[in-house]
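Quick notes on the structure that follows.
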Amino acid sequence: MSPREEILEKENRILKREYKRLEQDLQMLSNLNDYASRLRNFNEERVVAANRAKSNFLANMSHEIRTPMNAIIGMDEMIIRETQDPKISKYALDIKSASKTLLSIINDILDLSRIESGRMEIIPVEYDSASVFNDIANMTRKKAIDKGLDYYLDVAKDIPARLYGDEIRIRQIMLNIINNAVKYTEEGGIRISVTYDHDMETLFVAVSDTGIGIKPGDLDRLFNSFQRLEETRNRNIEGTGLGLNITKQLTEMMGGHMIVESEYGKGSTFTAVIPQKTIDGSPIGDFNAYLKKAMAQAEEYRPILVAPEAKILIVDDNEMNLDVIAGLLNSTRIKLTTAGSGAECIRCLKEGSYDVILLDQMMPGMSGKETLNVIRGERLADNTPVIALTADAIVGARDNYLRDGFTDYLSKPVMYEDLERILLKYIDASLLMTEEMLKYEEENKPRPIVLVVNDSPERLNEIKEMLGTGFKGVYVRDEEQAQKYLEGHEVEFVIRDGGPR
């Protein structure tokens, strides 16, 4: 072999060794890629499992907390309606306020979890703008006035009567920034200004306060989760520190943004800029007049529907929850049947028909979903709305129940406004008493008969005025006439000698 051939052979052997080493390196790299891919999948599965565990925990905790809250809020509402004692009424109203605060904290924690997991949904609907602003005023004015603050609500007259957007989130945003202003203001007051840009179809909600203000260096931390500025100074202020963070994120999810202006020690202005499409461009007009009328009507509870011929089946394994719903619906005069289990619900449906079924989801034995499957499978209530009654308040719950075959969804704790509103939606209109029917019934209902015995015409007239229209008075001059009347009639009361003067 020539020297040149020896050199070529040597180089060939070197190249083969390098090639083999390269193949080994490539194999090692491939193995590393496979390992990295498996590790990625493992981590993703851990994240998914962690999120699932977190969601399940929140769903269970939501149910466990909301179930007793349902009884507390419902029973308290009945005390407010029925008590005539001002002291007890004040206690009950304080319980109502504290319950709403607790429920707000629970909702904040759930909302933050939904947003962080990307599962928060914006659900646009048509809504009455004046009704939303009225509710906001009712829920925030008392808290400000009780704290000794001035409260101003200025709603522009040209805001459209009906808008299109997520009504629930609009309320939440407004409540959060108004309640935040009340919390951090000790003297002076708050001013709420609501305007609408018709060209941009955008709602502007500006809330100004004369509170403690914000240091320039703290503005960047203002919307952080679980954080309140100047914690030592504000340690006595209630809340989780989640409200503003959630408000900012909800606003941005609807295509809007937040603007904050503040001067430390003098106050702040928070402005939510939220796109909301116009459905009915008719202006709402003088909102203050609307508000005064609504306040006058709200002084005494009145049901929004009265349906003596409607029949409803309520299914819940918790007896106290059944008592709460029955109590809340007492004024509607609806005929109620209660069942404590899925099996009892099935028996009731085999024995009669109902106009609406309220069916609790989480029950021992047959769950609400399993009970509904039997109802539909055996065709026990083909045309009857079945509403899921549940403490499950996690995101997507309503859609899940609709997919399961429920007609609608009602979350615990059950607020009487929501309960009446959903029944008004699903009870056939022919079963509802109209305003004219109620007025006629009120004017013609039997009145207690009072027999008044007195020989003085002037005194008889005085007693007649005192009794008013709530009683039917029979007025006689002596005992002989009184006894003659009593022989043929029954009376509730007899007033002799003019009664107490």
Side-chain angles (χ1 to χ4, degrees), residues 69 72-108 131-155 171-194 205-214 228-230 233-244 246-247 262 265-270 272 287-288 290-301 413 415-417:
M69 285 294 294
I72 293 169
I73 292 175
M75 293 293 185
D76 186 58
E77 176 62 33
M78 283 184 270
I79 293 172
I80 291 171
R81 290 185 193 178
E82 296 175 12
T83 186
Q84 301 296 319
D85 187 323
K87 193 173 182 180
I88 292 176
S89 180
K90 182 183 182 303
Y91 292 156
L93 288 170
D94 288 343
I95 293 172
K96 184 175 184 177
S97 176
S99 298
K100 286 186 175 181
T101 299
L102 177 57
L103 198 58
S104 175
I105 292 171
I106 296 167
N107 289 337
D108 280 350
S131 176
V132 169
F133 305 145
N134 175 61
D135 290 347
I136 295 299
N138 289 336
M139 288 187 278
T140 58
R141 179 194 289 102
K142 185 178 185 299
K143 187 175 289 187
I145 292 174
D146 287 348
K147 202 173 177 181
L149 303 176
D150 294 326
Y151 182 98
Y152 303 98
L153 176 59
D154 182 17
V155 178
R171 291 172 190 263
Q172 187 174 357
I173 289 169
M174 293 184 69
L175 280 174
N176 279 351
I177 55 179
I178 295 171
N179 285 337
N180 189 72
V182 174
K183 279 197 299 186
Y184 290 95
T185 304
E186 295 301 326
E187 295 180 352
I190 63 170
R191 181 179 292 276
I192 306 149
S193 172
V194 187
V205 180
V207 180
S208 301
D209 63 62
T210 56
I212 61 177
I214 305 164
R228 293 187 300 181
L229 306 182
E230 298 188 85
R233 180 182 179 185
N234 302 320
R235 62 185 179 276
N236 294 324
I237 295 176
E238 65 183 23
T240 58
L242 295 175
L244 289 180
I246 292 169
T247 299
S262 183
K266 293 190 175 180
S268 307
T269 299
F270 286 77
F287 179 73
N288 285 329
Y290 174 94
L291 191 59
K292 287 178 182 177
K293 181 179 178 182
M295 287 175 63
Q297 293 175 342
E299 287 179 0
E300 183 177 348
Y301 163 76
M415 304 299 179
Y416 74 87
E417 304 97 326

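Position 1 is the first residue of the sequence; numbering continues from there. Owing to the predicted nature of the structure, the values given are computational and were not obtained by experimental measurement.
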Discussion item. Between D209 (side chain only) and G267 (backbone N and O only), is there a donor and an acceptor less than 3.5 Å apart?
Written reply: no

To the nearest 0.5 Å, atom CD of E77 lies from atom CD1 of I80 at 5.0 Å

Here the gap from I72 atom CD1 to I95 atom CD1, rounded to the nearest 0.5 Å, amounts to 9.0 Å

Review point. Heavy atoms, side chains only, cut-off 4.5 Å: are F287 and V194 in contact?
Key: no

**Prompt:** So do the side chains of M415 and I73 get within less than 4.5 Å of each other, counting heavy atoms only?
**Reply:** yes

Closest non-hydrogen atoms of G189 and T210, given as atom of the first, atom of the second and distance, are N-OG1, 3.0 Å

### Query
Checking side chain to side chain contact (heavy atoms under 4.5 Å, CB included) for the pair L175/I136: CA distance, chi angles, key distance, verdict?
CA-CA 7 Å; L175 280 174; I136 295 299; 3.7 Å; yes

* Asked: Got a sec: does the OH of Y151 have more than 12 other heavy atoms crowding it under 6.0 Å?
  -> yes

### Any donor-acceptor pair under 3.5 Å from T83 side chain to I79 backbone
no

Here the pair of heavy atoms bringing G213 nearest to S268 is CA-OG, 3.5 Å

Separation between CG (L153) and CZ (F133), nearest 0.5 Å, reads 8.5 Å

For A92 and D76, the nearest pair of non-hydrogen atoms, with its separation, is O-OD2, 2.8 Å

Atom CZ of R191 with >12 non-hydrogen neighbours under 6.0 angstrom:
no

- Would a 4.5 Å heavy-atom cut-off, applied to side chains only, mark I173 and V205 as touching? no

Rounded to the nearest 0.5 angstrom, the CD-NZ distance for E187 and K147 is 11.0 Å

Q: Show your working on side chain to side chain contact (heavy atoms under 4.5 Å, CB included) between V182 and T140 and close with a plain yes or no.
A: CA-CA 9 Å; V182 174; T140 58; 5.7 Å; no

Interatomic distance, CE@M174 vs OG1@T247, rounded to 0.5 Å, equals 11.5 Å

Between I177 and A272 the two heavy atoms that sit nearest each other are CD1-CB, 4.4 Å

Here the gap from N176 atom CG to F270 atom CZ, rounded to the nearest 0.5 Å, amounts to 11.0 Å

